[in-house]
Amino acid sequence: MNAVLQAARRIVVKVGSSLVTNEGRGVDAEAIDNWCRQLAALASQGREVVMVSSGAIAEGMKRLGWSTRPKELPELQAAAAVGQMGLAQMYEQKLSAHGMGSAQVLLTHADLADRERYLNARSTLLTLLGLKVIPVINENDTVVNDEIKFGDNDTLGALVANLVEADALVILTDQRGLYSADPRKDPSARFIDEAAAGDAALEAMAGGAGSSIGRGGMITKVLAAKRAAGSGASTVIAWGREPDVLLRLAAGESIGTALLAGTAKLAARKQWMADHLQLRGAVRVDDGAVIKLREEGKSLLPIGVLDVEGDFHRGDVIAVRSPAGGEVARGLANYSSAEARLIARKPSSQIEGLLGYASEPELIHRDNLVLT
Ligand code: GLU
């Protein structure tokens, strides 16, 4: 039994170019219809799903009449811009045929490394999920080429899993999963049903040590699983043409290779806050807010804020202190220190009037907050 997907409420599914475009023959309507049908069924089970799809370059090459992949990055990027039109159109059409709304989101690795953009992307994606719309994500190939050089969106899939704090990442590929060695060359190659994500032995099995890192080979999938595990998401690598692969995984069937995250989501988030972020400021909150945070697991609203210290931007990590000054929590601020000073002690309904716009009703959302 592989319970990774069965237990998962929020799932990121990544499909690679060769599957999406039927080995470069052009956007594969039937295959996309098949995954969209399954995504809609998962949504009807109350799960939230995000699709990360590559295939823009492969489709663009077909539309431009190119039979061999160009070497120059600008040409590849141009092909991606051409092909993304067809890709988005196909997902829109197929998801809508299965009763689902869709949204195109183009992201870069740098977007997710920048705290403000990270927060913006996260808020947008979570809002889309709340609206029961399926985000269809690709790399923004016009402005960057990380996934073009290597990865074919495997890394992006993991970054998105981190971003939305998914429970599971499913990487659909043209192989059945991970083997201990290349089964075409080594008859003793063993299929790996399950392993710990981040196990160094996996990288060697996937051809890491010494071998060249191919675009979207097994090594990038193994590394993606390690990265996804950083925020508590387990990964399944499976064959994308396996009939009803997503539905069967969600029903608990063991298909493909499961790479399990060792850390629970909350612990992973705490670790991330502790490891990567420096405090840029603090807010002192009233006793009511302390109770809401500590005992009720609620977000921090501006109305509970007594005063604001330091100079911080949206997306910076700030401390939350009790009236006596002890640290209660820390988290990502939705508003800058200047804005926080204007909206402190005010109900969230007044944010728009005070600032001229309203980003979120919370100063720190509970999902971006850890008690300390
Ligand atoms: N983001 C690219 C795409 O969707 C990556 C795949 C590739 O390099 O071919 O086409």
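The figures here come from the full heavy-atom set of this structure, side chains too, leaving out hydrogens, waters and symmetry mates.
In this structure, M100 and V49 have side chains that are not in contact, with every pair of non-hydrogen atoms separated by 4.5 Å or more. The closest side-chain heavy-atom distance from R69 to M61 is below 4.5 Å. Side-chain contact between K14 and V160 is absent, with no heavy-atom pair separated by less than 4.5 Å. Looking at D316 and S337, their side chains never come closer than 4.5 Å, going by heavy atoms from C-beta outward. For the pair T155/E139, no side-chain contact is recorded, criterion being any heavy-atom separation below 4.5 Å from C-beta on. Contact of the E296 side chain with the I291 side chain is registered, since non-hydrogen atoms from C-beta on lie closer than 4.5 Å. No side-chain heavy atom of D141 sits under 4.5 Å from any side-chain heavy atom of L76. Annotation: side chain of T21 is not in contact with side chain of K62 (no heavy-atom distance under 4.5 Å).
At distances below 3.5 Å, at least one donor-acceptor pair connects side-chain atoms of W35 with backbone N or O atoms of G240. With hydrogens and angles disregarded, no donor-acceptor distance shorter than 3.5 Å links the side chain of S234 to the backbone of A168. Listed for the Q38 side chain is a donor-acceptor partner under 3.5 Å among the backbone atoms of V245. Of the possible polar contacts, one joining the R248 side chain to the P243 backbone as a donor-acceptor pair under 3.5 Å is found.
The closest side-chain donor-acceptor pair between R37 and N34 falls under 3.5 angstrom. Side-chain contact annotation: D152 with S17, donor-acceptor N/O pair under 3.5 Å present.
Using a cut-off of 4.0 Å between Lys/Arg side-chain N and Asp/Glu carboxylate O, K298 and E362 are scored as not salt-bridged. For the pair R284 and D307, the salt-bridge criterion is met [side-chain N within less than 4.0 Å of a carboxylate O]. Under 4.0 Å is where a charged nitrogen must lie from a carboxylate oxygen, and between R345 and D286 no such pair does.
Contacts classified as ring-ring contact (aromatic ring centres under 6.0 Å, His included) and involving residues 151-180 (residues at least two apart or in different chains) are given here: Y179-F191.
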Go through the steps for V283 and L300 under the test side-chain contact (heavy atoms from CB on, under 4.5 Å), then give the verdict.
-> CA-CA 10 Å; V283 287; L300 176 66; 3.9 Å; yes
side-chain contact (heavy atoms from CB on, under 4.5 Å) evaluation trace for E309 with R321 | CA-CA 10 Å; E309 292 159 32; R321 301 196 202 285; 4.0 Å; yes
Evaluate side-chain contact (heavy atoms from CB on, under 4.5 Å) for I219 paired with E203, printing each intermediate quantity in order.
-> CA-CA 6 Å; I219 183 67; E203 287 167 41; 4.0 Å; yes
For E339 and R314, what are the C-alpha separation, side-chain angles and deciding distance, and is it a salt bridge (charged side-chain N to carboxylate O under 4.0 Å, His left out)?
-> CA-CA 9 Å; E339 292 167 329; R314 172 172 164 81; over 6 Å; no
Step-by-step side-chain contact (heavy atoms from CB on, under 4.5 Å) determination, E360 to H365 = CA-CA 8 Å; E360 286 95 2; H365 192 274; over 6 Å; no
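In terms of heavy atoms, N138 sits closest to S53 at CG-O, 3.2 Å. F312 approaches A340 most closely through the heavy-atom pair CZ-CB, 4.2 Å. The shortest heavy-atom contact between L246 and L172 is CD2-CD1, 4.4 Å.
When the options D114, D111, D367 are evaluated for a salt bridge (Lys or Arg N to Asp or Glu O under 4.0 Å) with R122, the one that passes is D367.
Counted within 6.0 Å of NZ on K292, heavy atoms from surrounding residues, nucleotides or ligands total 12 or fewer; the atom is thus considered open.
L306 and I364 sit in two unconnected hydrophobic clusters of ILVMFWY residues. Membership requires side-chain heavy atoms under 4.5 Å apart, directly or through other members.
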